[in-house]
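This report concerns only the one structure given below.
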Amino acid sequence: MASGKLPTEAEKEQIFGMAQTEMEYRVELFNRLTATCFNKCIEKRYKESELHLGENSCIDRCVSKYMQVNNLVGQLLQTPPM
């Protein structure tokens with residue numbers, strides 16, 4: 001798209017397709033993150049309606065590590081091979 005011009009229909013479709021792909025990726029990332037950290041941190045037998053301190057700490061660490069690894073893998077995939 002040239003500066004100052006409105007996008008063509010093909011460009012609009014391409015932009016929409018890229019946005020849709022990004023949204024699908026983010027939803028999948030969230031679903032995997034939720035399932036992974038839930039299975040790791042939450043007791044299988046619910047005793048209380050609220051999370052206890054240990055579960056909260058575990059979830060915080062799990063989400064942080066998951067996002068760090070995800071970002072690192074993304075960076076590694078973007079760097080060209082030597």
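One is the number of the first residue; the rest follow in order along the sequence. Keep in mind that this is a model prediction, so the values were computed, not measured.
Clustering of Ile, Leu, Val, Met, Phe, Trp and Tyr by side-chain heavy atoms under 4.5 Å joins Leu53 with none of the others.
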Distance-only donor-acceptor pairs under 3.5 Å for side chains of residues 15-27, two or more places apart:
| unit_1 | atom_1 | unit_2 | atom_2 | d |
| --- | --- | --- | --- | --- |
| Thr21 | OG1 | Gly17 | O | 2.9 |
| Glu22 | OE2 | Arg26 | NE | 2.8 |
| Glu22 | OE2 | Arg26 | NH2 | 3.1 |
| Tyr25 | OH | Asn70 | OD1 | 3.4 |
| Tyr25 | OH | Asn70 | ND2 | 3.2 |

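Checked by atom type and distance alone, the side chain of Lys44 pairs as donor or acceptor with a backbone atom of Asn39 at under 3.5 Å.
Leu77 meets the side-chain contact (heavy atoms from CB on, under 4.5 Å) test with Val73; sequence neighbours excluded. Residues passing the side-chain contact (heavy atoms from CB on, under 4.5 Å) test with Lys12, sequence neighbours excluded: Pro7, Glu9.
Pairs engaging residues 51-82 under the disulfide bond (SG atoms under 2.5 Å apart) rule: Cys37-Cys62, Cys41-Cys58 [sequence neighbours left out]. Legend: salt bridge (Lys or Arg N to Asp or Glu O under 4.0 Å) pairs involving residues 46-61, not counting sequence neighbours, sorted by first then second residue: Glu43-Lys47.
Between Leu76 atom CG and Asn71 atom CG the span is 11.0 Å, to the nearest 0.5 Å. Taking CD1 of Ile59 as the start and OH of Tyr66 as the end, the distance is 14.5 Å to the nearest 0.5 Å.
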